[in-house]
Asker: 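Pasting in a structure now, in structure tokens, and then I'll have a few things to ask.
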Amino acid sequence: MKNEIIENIKKLIKINPEETIEINPNYLEYFDVEELLDIQKQLEFKKENISKITNNYLDEIYQKTKKDEI
């Protein structure tokens, strides 16, 4: 199960489907299954909401730029 979650995390990290994602196995052994599932959920949420997150960020930058012009 842990390996399956790790593979899902790698897929979620990918931007380009052809790229290869390597994660240090020693680093991954540090996490238990619950923690890996949490990481996977966070990545899924971010991937589903990336345009909303990006738009909010861009709006924030735009507002700061407007303030600087005044």
Side-chain angles (χ1 to χ4, degrees):
M1 177 167 184
K2 193 171 183 177
N3 287 336
E4 183 180 331
I5 298 168
I6 291 169
E7 288 305 311
N8 288 339
I9 289 172
K10 287 179 182 180
K11 288 177 189 173
L12 289 165
I13 291 173
K14 283 185 184 183
I15 295 173
N16 178 351
E18 296 167 7
E19 73 182 321
T20 303
I21 301 293
E22 294 299 326
I23 301 173
N24 184 335
N26 295 328
Y27 180 71
L28 293 174
E29 287 303 316
Y30 172 79
F31 296 105
D32 62 25
V33 172
E34 261 185 50
E35 292 170 315
L36 288 170
L37 283 171
D38 187 48
I39 291 169
Q40 180 180 324
K41 284 181 187 176
Q42 289 178 30
L43 287 168
E44 287 169 345
F45 176 81
K46 286 182 180 183
K47 195 160 196 163
E48 289 172 7
N49 295 295
I50 190 70
S51 64
K52 183 178 180 183
I53 293 167
T54 303
N55 286 341
N56 289 342
Y57 177 71
L58 292 174
D59 285 344
E60 184 179 323
I61 291 175
Y62 175 71
Q63 292 302 324
K64 285 181 181 178
T65 334
K66 278 178 51 178
K67 287 179 185 175
D68 289 344
E69 290 177 1
I70 298 177

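All values below come from the heavy atoms of this structure, side chains included, with hydrogens, waters and symmetry mates left out. Numbering of residues begins at 1 and proceeds along the displayed sequence.
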Asker: Please give me the minimum heavy-atom distance between Ile9 and Leu36, naming the atom from each residue.
Answerer: CD1-O, 3.6 Å
Asker: Closer than 4.0 angstrom, basic N to acidic O: yes or no for Lys11 and Glu7?
Answerer: no
Asker: Answer yes or no: are there more than 12 heavy-atom neighbours, outside Lys47 itself, under 6.0 Å from its atom NZ?
Answerer: yes
Asker: Would a hydrophobic clustering, with Ile, Leu, Val, Met, Phe, Trp and Tyr connected at side-chain separations under 4.5 Å, put Tyr62 with Leu58?
Answerer: no
Asker: Counting only heavy atoms not in Lys46 (residues, nucleotides, ligands), do more than 12 fall under 6.0 Å from its NZ?
Answerer: no
Asker: Measure the CG-NZ distance between Asn8 and Lys41 for me, rounded to the nearest 0.5 Å.
Answerer: 13.0 Å
Asker: Are Ile13 and Leu37 co-members of a hydrophobic cluster defined by side-chain heavy atoms under 4.5 Å apart?
Answerer: yes
Asker: Supply the atom-to-atom distance Met1 CE to Asn3 CG, rounded to the nearest 0.5 angstrom.
Answerer: 11.5 Å
Asker: Give a yes or no on whether the backbone of Asp32 and the side-chain of Glu35 come within a donor-acceptor separation of less than 3.5 Å.
Answerer: yes
Asker: We want to know whether Gln42 and Asp38 form a side-chain donor-acceptor pair, criterion being a heavy-atom distance below 3.5 angstrom.
Answerer: yes
Asker: Name every donor-acceptor pair, under 3.5 Å, that has one atom in a side chain of residues 14-26 and the other anywhere in the protein, sequence neighbours excluded.
Answerer:
residue : atom : partner : partner atom : Å
Lys14   : NZ   : Glu19   : O            : 3.2
Asn16   : OD1  : Glu18   : N            : 3.0
Glu19   : OE2  : Ile15   : N            : 2.7
Glu19   : OE2  : Asn16   : N            : 3.1
Asn24   : OD1  : Asn26   : N            : 2.8

